[in-house]
Each structure stands twice: as C-alpha cells, then as structure tokens.
Visitor: 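First, the structure itself, so that you have it in front of you.
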Amino acid sequence: MEIAKTYQHGAVEAKWYAHWLGKGYFHSTPDQRQPYTIVIPPPNVTGVLHMGHALNETIQDILIRRARAMGYNACWVPGADHASIATEARVVNQLKAQGIRKQDIGREAFLQHAWEWKEKYGGIIYEQLKKLGCSCDWQRTTFTLDDTYSRAVIRVFVQLYREGFIYRGQRMINWDPVALTALSDEEVEYREVQSTLFYVQYPLEGSTDRITVATTRPETILGDVAIAVHPEDPRYQHLIGKYAYVPLIDRRIPIIADAYVDQAFGTGCLKITPAHDWNDYQLGIKHQLPIIDVLNPDGTMSAAAQLFVGEDRFVVRNKIADLLREKGFLAKTETIVNKNGFSQRSNAVVEPRISTQWFLKMKDLAKPALDEVLQRQIQIHPEERFLNTYRHWMENVQDWCISRQLWWGHRIPAWYDAQGNIYVAETAEEAYAQAHKAMGTTDVQLHQDEDVLDTWFSSWLWPIQVFQGITQPGNAEWRYYYPTTVLVTGQDIIFFWVARMIMAGLHFTGEIPFRYVYFTGMVRDKLGRKMSKSLGNSPDLSQLIDQYGADAVRFGIMISSPAGNDLLFDEKGCEQGLHFCNKLWNALRLIKSWEPRINEQTKPATDFPIKWFHHRLQAFIRQTEKDFEQFRLSENLKNLYTLIWEDFCSTYLEWMKPAPDADGLQITKSYFETLLQLLHPYMPFITEEIYHQLSPRDANDDLIIKPIPAATDADEEIVQQGLLLKDVLAAVRQTLQMHQIKAKQPYELWIQTTQREKYETCIPILHSQLHVQNIVFTDDAPEQAIRTVVGKDILYIKIPELASTASDHQKQNLEKELNYLKSFLQKIEEKLQNERFLQHAKSEVVEREQKKKQDTLEKIRVIEETLRTLS
RNA sequence: GGGAGCUUAGCUCAGUUGGUUCAGAGCAUCUGCCUUACAAGCAGAGGGUCAUUGGUUCGACUCCAAUAGCUCCCA
C-alpha cells in the first residue's frame with residue numbers, strides 16, 4: 001500500500017476517535033484491576049472550550065491514557081456544572097430580546113426556557129473535548145442539575161442544617177446589583193481602578209468650623225451615621241464626642257474615636273456608613289450605630305437616601321458631587337487608585353449589602369481538610385507554590401454564603417410558615433410533616449424559599465456524587481472508584497473547588513476525594529498577558545485544531561507548560577507539533593520502504609545500533625516512570641521529542657541505513673512501536689494511525705490499550721559508547737566543514753586511542769556516516785593530516801592535497817578548551833590539597849575528584865600534543 | 001497593608017540530596033547542504049559573572065539574609 005507523502009490529520013483524527021468510541025475503550029466498569037480515576041473539573045454548561053480548558057483537559061487525557069496503557073482501569077468522568085449566574089443571565093438576555101421578563105412568566109416557565117437553552121448549547125463543550133481527543137467515559141457524563149445529583153445536593157443541605165453547619169442570618173454580603181444576587185467572597189474579583197477622592201466638609205454642631213472627610217463614594221454620605229477619628233490623632237482630640245451634620249440632609253451624627261482609622265489616609269477622618277462598607281459595618285456594630293441603607297438591590301438610591309431616590313448609584317455619585325460643590329461643601333478632589341470588587345460573573349461593581357442569606361459554617365469543616373493536606377494524605381503539585389496558599393485560606397476561612405437570588409439551580413429546601421418558622425427537609429411532604437408536628441395542627445400553609453444554592457455547593461460533591469456516593473452511600477462503583485486518583489485544575493479555583501471538595505469528601509464519606517492535586521498555571525499569550533475576551537488574544541481552539549491538528553495543538557500546549565507555571569501560549573508550539581507529526585510520518589515511510597528490500601540484505605556488519613538503542617530506550621522508559629510520578633509531563637515530552645527526533649530518527653535510523661535485514665527490520669519496528677506508545681498520551685491520533693500503518697493488526701490490537709512494557713536495566717556503558725560515536729561523527733563533520741572539504745572528497749580517518757575496542761564495533765557506522773575511504777588505528781601522528789580531539793582520543797583526517805594544519809578557528813577552540821581544562825585542573829588540585837576537604841568530604845566525592853584529575857590530565861596532554869604538532 | 005512565589009543564553013524554561021567530565025534544552029540567529037524518509041528537512045556554529053550584595057561551608061546556580069525588579073493571592 002502506498003503511504004501518503006504527507007500526514008493528513010483531519011480524516012485520521014475523526015476516524016480514530018470514532019474507532020475508540022466504538023470499541024468502548026473509554027468506558028470503564030469496576031473489575032479486578034486497580035482503578036485510576038479522574039473527575040473532570042466541570043466546565044460551565046454555558047462555556048466553549050478556551051485555552052485554559054485545553055491545557056487542563058489535555059493533561060487529564062495524558063494521565064488517563066498513560067494509566068490505561070500501564071494496566072490500570074482508567075476512568076475519566078466528564079460533565080458540566082449548571083453555572084447558576086452565567087446561565088440565568090444568558091437566558092434572561094435571550095428572553096429580553098423577545099420582550100419577555102422573567103418575573104412576568106414565573107419560575108416554572110422560566111426554568112423551561114433555561115432547560116431548552118441548556119439542551120441547545122450545553123453540549124458544545126463536549127464536542128470540543130472530543131475534537132481535542134479526550135478519552136472521557138461519555139456514558140458517565142454528569143450534570144449538576146440531573147435528578148439524582150440534585151437529590152444529593154438537597155440531601156447534604158438538609159444534613160448540614162441538622163448538624164448545625166448551615167444557618168440563615170442577616171449579615172453583610174457581596175451583592176451583585178446587575179445579577180441581583182448575593183455572591184460568595186470568592187466570586188468577587190478585586191481590581192485596581194482610578195477613582196476620585198472627594199473631600200467633603202461636614203458642619204460641626206455649635207461651631208462655624210467644619211470637619212473634612214475624604215471619600216470615594218459621596219453618594220453614600222446619605223447613609224452616614226458617624227465620623228470616626230483616631231483616638232490619638234492630635235488634630236481631632238477636641239472633636240471626639242462632639243456632633244457634626246451630614247451635608248445636604250442635615251443628619252446629626254456623632255464624632256467617635258477608633259484606632260481602626262488610618263491617620264495618614266485622606267484627612268484622617270472617616271465617615272461611617274455601616275450599610276455600605278465592610279469595615280464601617282464592623283465599626284457600626286462595635287459602636288452601636290444605626291444602619292441606614294440608602295441603596296436598592298439594583299443599585300439605585302432607596303427612599304432612605306432622601307435625595308435622588310430611584311437614580312443609579314454612579315449617576316448619583318456625580319450629581320451629589322456637583323450639589324456639594326454648588327452648596328460649598330466640597331473642599332477639593334484628587335485622583336487616586338484604589339481597588340474595587342467586581343462580580344466574576346456579571347462584572348458589575350459589587351455592593352456590600354446587609355441581607356438575609358443562608359450560610360455554611362466553615363471552621364470545623366476546614367480543620368480536617370487542612371490536616372489531611374498537611375499530612376500529605378493529599379499531595380499538591382507543585383507543592384511549594386500552593387500548599388501555603390491553601391493553608392492560609394483554610395486558617396482564615398470565613399463562613400460561606402450559599403444562597404443566590406436566582407431560579408436556575410437547586411432550590412433551597414427550606415419552607416416557611418406564616419409565623420416565619422423554618423422547616424428544612426428533602427421534600428415538601430416532609431416539611432409539612434414537620435410543621436404539622438411542630439404546630440400541632442394540619443392547618444398550615446408553607447412556602448418554599450425562593451432562592452437557589454450557589455453552584456459550588458453542588459460541585460463540591462462532584463468526586464463523590466458522580467459515582468452516586470451521596471444518593472446510594474457505599475455502592476459498589478463508589479467503593480471502587482473513590483477516592484479518585486488525581487484532580488487537575490487551574491490554580492485560580494483552589495478555594496472555590498479544591499478546598500471545598502476536600503471538606504465535602506471528608507465530611508460526607510470520611511475519606512479524601514483524591515490523592516493528588518495537580519495545579520496548572522494560567523494560560524497567557526506570548527507577551528505574558530492573560531487571555532481574555534476583551535483583549536481578543538485568545539485563539540479559537542477549534543480553528544487551531546483544524547489548522548494544525550489536535551495532536552499538534554496538544555503538543556504545542558504541553559511543550560511549554562511546566563507544572564504550575566503559567567503557560568505562555570505561542571502558535572509556534574503548534575507549528576513545532578505539526579513538524580513533529582511530519583517527522584514521525586516520514587520515519588514510518590522510511591521503515592516501510594525497507595520492507596520490500598529485506599531480501600537483498602545480508603547480515604549487517606554490526607549490531608551496535610540495535611544494542612545501543614535498546615539500552616537508550618530502556619533508560620528513557622525508566623525515566624518516564626519517574627516523570628509521571630512527579631507529574632513532570634512537559635519535561636517528559638521534551639525528552640521524548642529529543643529521543644524520537646535525535647536518537648531514533650537522526651541517529652538510529654541513519655545508522656541502520658541503507659537497510660536492515662529481516663530481524664533488524666522487526667526490531668526497528670518494535671522500537672518504533674514503543675516510541676509511539678510513549679508518545680500516545682500526548683499525541684493520540686497520529687500514533688494510533690502510524691501503529692496501524694506500520695504492521696497489519698488484529699481486530700483488538702490498538703495502541704490506545706496496548707500495555708507499555710516495563711523497563712529493563714539499561715547498560716550505561718553501551719549508552720556511553722553511543723555518545724562517543726556521536727561525538728566522533730560530529731567532530732569529523734565539524735572539521736571537514738571548517739576546512740571546507742566537500743562531502744564527496746575522499747579522505748582517510750586515523751584514530752589514536754587507548755580504547756580501541758570501543759571503536760572497533762562501530763567502524764561500519766563510521767564508514768556509512770562519513771563516506772570515509774579508509775579507517776586505521778595508529779599510535780603516532782601521521783604526516784599531512786588535520787587533527788581533532790574527542791575526549792582523550794585524537795582523530796586524524798588525512799587528505800593528501802591538504803597541508804597538515806588546523807584552521808585558526810580550530811586552534812582557538814583547542815586553546816579555549818585547554819584553558820578551561822587547566823583552570824578546571826587547578827581547582828581540582830586545590831581541592832585535593834585542601835586538608836579540610838579531605839577531612840569533610842565523603843570518600844566517594846574524593847575518589848571522583850581523583851578520577852576527574854586523571855581524566856583532565858590526560859585530556860590536557862592530548863590537546864597540548866595536538867597543538868604542538870599544529871604550530 | 002499582610003502573605004506567597006519568581007529572577008539562569010535574544011525569548012520560553014530545565015537544572016531533583018550543595019562537589020565545574022552540568023552551566024543545559026527548545027525556539028530564534030548564523031554557516032554549509034535540493035545526501036534516493038522528511039527543505040515542515042539534513043549537517044554544523046555562536047551565545048550566559050546563573051538579578052545584586054553579604055553570609056554559612058573545605059566547596060554555592062543549588063542553603064541563609066538583605067536589596068532591587070516582576071507575578072500572584074488575601075484584606
């Protein structure tokens with residue numbers, strides 16, 4: 001069969017994905033083997049795959065494919081979360097475009113629209129994962145709003161409520177005035193913005209003086225209830241205990257002292273607005289100040305504000321400033337940079353707001369979750385970077401606001417009676433039963449809480465509930481797959497997800513949810529900027545795959561992403577991947593071209609290449625085992641790339657030319673197969689394709705499931721001999737090139753060495769690689785020859801017409817080398833003469849230094865001799 | 001303001017227990033090649049005071065401290 005001259009990725013990738021699926025290779029069921037389990041960090045159902053996902057999912061696929069080939073029962077569970085805020089926002093917008101408001105159609109109808117939306121767009125991300133080659137067990141696809149999953153969420157809510165972890169209370173929370181919902185602390189992003197600092201003068205009671213307060217939020221002065229100064233601030237001692245008037249509305253407020261106030265900021269006077277600022281809220285409680293909420297939920301001014309009622313907070317900010325200026329209360333303004341909180345989902349400026357919400361007490365849940373990690377029951381990679389972050393958050397954890405004022409999500413299973421009593425139960429029937437019992441009558445009307453739960457309150461159960469561990473505790477699948485093996489996720493959701501999954505795992509099952517956590521960095525562009533929609537610097541993944549092929553894209557992503565480091569994505573990497581595919585393809589073409597020629601071949605003159613590559617390969621397989629233990633995927637891929645390109649293609653295959661015999665061909669194919677196996681996790685499609693092109697295969701003989709052989713011991717001696725041979729080849733070629741000797745020009749190679757046996761087996765290779773006429777061993781320098789030095793050996797290139805000279809360049813190089821060796825030697829000698837070194841250093845170290853000294857002396861002798869004959 | 005991390009070749013990064021046969025890779029650059037697998041290729045070359053300063057040590061890219069610059073997290 002004729003093999004195409006270039007590799008065509010498109011058709012090949014579609015073909016093999018369908019083949020693997022058809023064979024059921026991705027599907028896992030419990031059996032005798034050890035499980036290797038990964039649960040996908042569920043992407044938003046609203047999402048399309050971006051580069052961050054691509055990095056994440058590629059890593060997971062690499063781990064799962066490797067595990068599958070190492071004989072584990074590999075199970076990768078895919079799925080998505082329902083993304084309350086994001087999805088609801090999409091659906092609301094879609095309805096708005098049709099002139100429909102969600103309040104008008106009601107909860108039921110709205111949810112129907114939302115489900116339709118989910119059916120239509122929710123699967124996009126799965127198709128993209130398939131395109132990328134992800135070997136997920138699609139039969140296990142889970143969605144956080146599935147019926148059973150929802151039951152699990154409700155069940156744990158009820159459990160935690162009964163255990164006293166969940167409470168309902170009025171507290172200050174982060175409010176998203178656009179999405180009209182509470183947010184958790186983690187859903188707020190703080191970013192620097194340019195703001196105006198307004199210096200507002202408050203008239204003092206019983207005086208014509210004024211006190212000046214600096215604020216970036218003049219609209220909130222309408223909610224001011226006090227002015228605070230530092231108790232030791234000499235400027236304001238006389239004012240403590242006095243009263244001032246809020247400009248424009250003339251509210252009489254006290255001037256209080258509190259050490260919290262920063263004397264250096266602004267004027268050293270702080271206005272206190274407990275309803276609209278976290279710190280003011282605390283101060284308000286401490287000093288028993290009233291709370292005046294001047295904002296409506298949508299960020300407009302409330303009736304309590306008295307002025308500008310119903311107008312937006314940002315509009316009012318300017319209007320108030322103008323009015324203050326007009327009335328003479330505005331002393332001055334300056335521009336400053338401060339940090340504002342933004343909603344991760346809607347990007348609205350978050351408003352601190354006092355509101356009644358449901359909270360989960362975190363302290364007692366966090367403690368065991370921290371301990372397990374500190375005791376390394378769960379190992380974080382890379383640890384040095386993220387363990388401290390994890391610990392810090394866990395030690396300072398705040399209660400988690402878990403209610404959201406939305407409809408798309410798990411409705412809070414709490415019912416209220418007319419008196420406001422709360423009944424928390426898994427079903428309405430149970431809630432009624434509770435109410436009947438409590439009230440001693442069946443004449444009760446209950447109303448369920450309107451709010452839903454934070455999306456993360458469902459996804460923290462993910463590793464347990466994808467195996468029904470909550471709804472069917474102790475079931476066989478759960479027992480088999482849980483705890484899962486490794487969680488791969490971005491460092492940005494360490495708190496959202498990782499920490500809470502560990503808490504949930506320990507609390508609900510008594511076991512950790514996974515043994516390893518592998519954190520990836522952020523994907524940035526090649527200039528180091530975060531990828532974002534607004535910058536437009538995020539490449540379209542589908543387009544990238546169409547252009548380069550999924551294998552090349554996976555290669556491009558992995559080749560530059562060491563664990564935990566940010567990945568500076570550059571399309572160049574994909575191009576390199578594409579070239580690599582081409583290289584592999586051509587290796588296939590070469591090997592296949594040998595097939596019809598094996599009969600012509602007699603036994604090769606040396607089996608050194610075969611021996612050498614065998615040991616080289618064994619050493620690599622062993623190293624690979626270590627690399628995967630330490631999640632050093634990028635390094636492993638780099639080394640594999642070099643092994644294939646340099647050692648296999650440029651070295652081994654060249655050394656086997658013009659063609660091997662039948663046995664040699666067989667061995668060559670088996671080497672190639674092993675390389676393909678090692679590469680398969682990174683580049684699944686082309687490796688499977690080449691595997692099948694290389695030899696006819698039985699029906700169930702596919703690379704994806706072919707077990708990777710265990711490494712045998714590598715003979716370091718033979719590996720070294722290969723390196724020597726490579727050095728000799730390079731030295732001769734370099735010398736020829738420097739003397740501008742054409743490749744076809746005949747010459748003789750004389751070798752002066754004390755390790756003749758190392759050369760002898762390789763002479764046929766020297767002949768085939770160097771087009772040398774004759775090779776001889778010598779003990780003396782021949783006449784009329786160019787010299788070059790390899791280690792302790794001297795090579796002479798004899799060309800009758802050329803004088804016995806070296807180029808200046810070559811001399812310089814030798815001199816440079818000599819200087820280096822001499823200073824090297826000096827340092828070794830100093831060391832060996834140093835009493836304290838001999839006393840303190842281990843005996844192996846001293847021996848090694850002595851060996852180094854001998855070797856170096858020998859090399860120096862050789863170079864000096866060469867230089868002498870050159871001059 | 002509190003905390004963490006980073007700083008090695010033009011760029012992106014390796015360098016695992018301190019001991020110059022380890023200062024390395026890829027990309028980029030330069031030179032020579034259309035050698036019958038591959039020009040998406042082959043064969044070579046150049047390039048670094050390992051941020052700075054001090055300390056520990058017989059010995060520091062590696063450990064410690066300070067300084068500078070960068071990044072991230074938290075408030």
Side-chain angles (χ1 to χ4, degrees), chain A residues 3 5-7 185-186 190 262 265 278-279 339 341 382 384-393 396 491-492 494-495 521-522 524 526-528 552 559-562 564-570 572-573 575-594 626 630 632 634-635 637-639 641-642 645-646 649-650 653-654 657-658 729-738 740 742-744 769 771 791-792 809 813 820-821 823-825 827-828 830-842 844-846 848-849 851-856 858-859:
Chain A
I3 301 173
K5 195 153 162 53
T6 52
Y7 172 61
D185 297 346
E186 288 71 32
Y190 291 89
D262 179 359
F265 182 80
W278 289 89
N279 297 312
K339 284 196 171 173
E384 67 271 19
R385 211 166 305 201
F386 299 114
L387 183 59
N388 283 330
T389 312
Y390 177 82
R391 190 211 324 246
H392 188 259
W393 190 75
N396 296 285
Q491 54 184 255
D492 50 335
I494 182 166
F495 311 130
M522 301 285 95
R524 298 168 177 277
K526 63 181 169 187
L527 300 174
I559 200 68
S560 57
S561 61
N565 276 10
D566 284 355
L567 157 64
L568 271 62
F569 182 75
D570 188 346
K572 276 254 164 63
E575 204 181 309
Q576 198 186 344
L578 182 73
H579 294 175
F580 190 35
C581 288
N582 182 55
K583 191 71 188 175
L584 291 162
W585 193 250
N586 276 289
L588 168 72
R589 290 179 63 222
L590 175 64
I591 293 169
K592 292 300 276 185
S593 78
W594 285 341
K626 285 189 198 143
Q630 297 168 39
R632 297 157 58 93
S634 181
E635 291 84 348
L637 177 59
K638 261 179 209 168
N639 292 332
Y641 176 81
T642 306
W645 201 301
E646 292 299 323
C649 292
S650 298
L653 291 179
E654 291 299 328
K657 280 181 178 178
L729 293 173
V732 173
R733 284 166 179 155
Q734 183 194 355
T735 311
L736 292 173
Q737 189 177 333
M738 269 172 196
Q740 296 172 317
K742 291 275 183 282
K744 304 264 159 80
Q769 294 299 298
H771 312 290
K792 294 179 280 184
H809 187 210
N813 271 356
Y820 171 79
L821 287 172
S823 80
F824 185 36
L825 179 69
K827 289 202 176 154
I828 296 169
E830 276 169 15
K831 218 182 261 188
L832 286 169
Q833 280 158 16
N834 186 330
E835 291 277 328
R836 307 197 61 179
F837 170 71
L838 297 173
Q839 273 168 16
H840 289 89
K842 282 184 249 168
E844 306 108 80
V845 175
V846 178
R848 195 161 60 220
E849 292 301 318
K851 175 87 166 59
K852 272 195 230 167
K853 183 182 168 184
Q854 291 312 314
D855 287 351
T856 309
E858 182 70 2
K859 284 181 189 172

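Below, read A as the first sequence line, B as the second, and so on, with proteins coming before strands; counting in each chain starts at 1. Note that these values count all heavy atoms, side chains included, but never hydrogens, waters or copies made by symmetry.
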Visitor: Sticking with atom P, work out how far B/U62 lies from B/G54, rounded to a whole angstrom.
Guide: 14 Å
Visitor: NA contact type, A/Ser650, heavy-atom cut-off 4.0 Å: base, sugar-phosphate, or nothing?
Guide: sugar-phosphate
Visitor: So what does A/Tyr190 hit on the nucleic acid, given a heavy-atom distance under 4.0 Å: a base, only sugar-phosphate, or nothing?
Guide: sugar-phosphate
Visitor: Nearest whole angstrom, please: distance from the P of B/G26 to the NZ of A/Lys638.
Guide: 10 Å
Visitor: Hey, which sits more toward the 5' end of RNA chain B by its nearest nucleotide, A/Leu729 or A/Lys5?
Guide: A/Lys5
Visitor: Over all heavy atoms of both residues, which pair between A/Ala552 and A/Gly577 is shortest? Give the atoms and the distance, please.
Guide: CB-C, 3.7 Å
Visitor: Between A/Gln769 and A/Glu654 (side chain of the first, backbone of the second, donor and acceptor by atom type, cut-off under 3.5 Å), is there such a pair?
Guide: yes
Visitor: Looking at the side chain of A/Arg589, which of B/A37, B/A40, B/G41 is the nearest nucleotide?
Guide: B/A37
Visitor: What nucleic acid atoms does A/Trp594 come within less than 4.0 Å of, heavy atoms only: base, sugar-phosphate, or nothing?
Guide: nothing
Visitor: Assuming nearest nucleotide by heavy-atom distance, tell me which of A/Ser593 and A/Ala731 is located more 5' along RNA chain B.
Guide: A/Ser593
Visitor: Side chain of A/Arg733 only, please: which of B/U12, B/A43, B/A37 is the nearest?
Guide: B/A43
Visitor: For B/U16, give its Watson-Crick or G-U wobble partner with both distances under 3.5 Å, or none.
Guide: none
Visitor: Check the interface with nucleotides 27-31 of chain B: list each N/O to N/O pair with the protein under 3.5 Å, or write none.
Guide:
| unit_1 | atom_1 | unit_2 | atom_2 | d |
| --- | --- | --- | --- | --- |
| B/U31 | O2 | A/Gln737 | NE2 | 3.1 |

Visitor: In Watson-Crick or G-U wobble terms, both distances under 3.5 Å, what is the partner of B/G48?
Guide: none
Visitor: Which of the following nucleotides, B/C42, B/A45, B/A40, is nearest to the side chain of A/Gln734?
Guide: B/A45
Visitor: Can you check whether A/His579 has a side-chain N or O nearer than 4.0 Å to OP1 or OP2 of B/G41?
Guide: yes
Visitor: Roughly how far apart, to the nearest Å, are B/G47 and B/U8 at atom C1'?
Guide: 13 Å
Visitor: P atom, B/A4 versus B/A66: distance in rounded Å?
Guide: 11 Å
Visitor: What nucleotide among B/A40, B/A14, B/A37 has an atom nearest to a side-chain atom of A/Arg632?
Guide: B/A14
Visitor: Please evaluate residues A/Glu575 and A/Lys572 with respect to the criterion salt bridge (charged side-chain N to carboxylate O under 4.0 Å, His left out), reporting the C-alpha separation (whole Å), side-chain torsions for both, the decisive distance (0.1 Å), and the verdict.
Guide: CA-CA 5 Å; A/Glu575 204 181 309; A/Lys572 276 254 164 63; 6.0 Å; no
Visitor: Expressed in whole Å, how much space separates the C1' atoms belonging to B/A23 and B/A40?
Guide: 32 Å
Visitor: If you check the A/Asn388 side chain, which of B/A4, B/A37, B/A14 turns out closest?
Guide: B/A4
Visitor: Write down the distance separating the C1' atoms in B/G24 and B/C61, rounded off to the nearest Å.
Guide: 12 Å
Visitor: Between A/Lys657 and A/Trp594, what is the shortest heavy-atom contact and its length?
Guide: CG-CZ2, 4.2 Å
Visitor: Just call it for A/Cys649: base, sugar-phosphate, or nothing, with non-hydrogen atoms closer than 4.0 Å on any strand.
Guide: base
Visitor: Considering only atom P, compute the distance from B/A37 to B/G10 and round it to an integer number of Å.
Guide: 38 Å
Visitor: Counting only side-chain heavy atoms from C-beta out, which of B/A37, B/C13, B/G44 sits nearest to A/Glu654?
Guide: B/A37
Visitor: Ignoring the backbone of A/Phe495, work out which of B/C38, B/U16, B/C73 is nearest its side chain.
Guide: B/C73
Visitor: Please give the distance between the C1' atoms of B/A65 and B/G1 as a whole number of Å.
Guide: 23 Å
Visitor: Between B/U57 and B/C13, how far apart are the two C1' atoms, rounded to whole Å?
Guide: 30 Å
Visitor: Work out which heavy atom in A/Lys638 is nearest to a heavy atom in A/Ile559; give both atom names and the distance.
Guide: CE-O, 3.4 Å
Visitor: Side chain of A/Lys339, heavy atoms from C-beta onward: which of B/C42, B/C38, B/A75 has the nearest atom to it?
Guide: B/A75
Visitor: With a 4.0 Å cut-off on heavy atoms, is A/Lys657 in touch with a base, just the backbone sugar-phosphate, or nothing at all?
Guide: base
Visitor: What nucleotide among B/U16, B/C42, B/A40 has an atom nearest to a side-chain atom of A/Leu578?
Guide: B/A40
Visitor: Could a donor-acceptor pair under 3.5 angstrom be found where the side chain of A/Gln769 meets the base of B/A43?
Guide: no
Visitor: Reckon A/Trp393 has a side-chain N or O less than 4.0 Å from the OP1 or OP2 of B/A75?
Guide: no
Visitor: Quick one: look up who B/U31 pairs with, Watson-Crick or G-U, both distances under 3.5 Å, and put none if it's unpaired.
Guide: B/A43
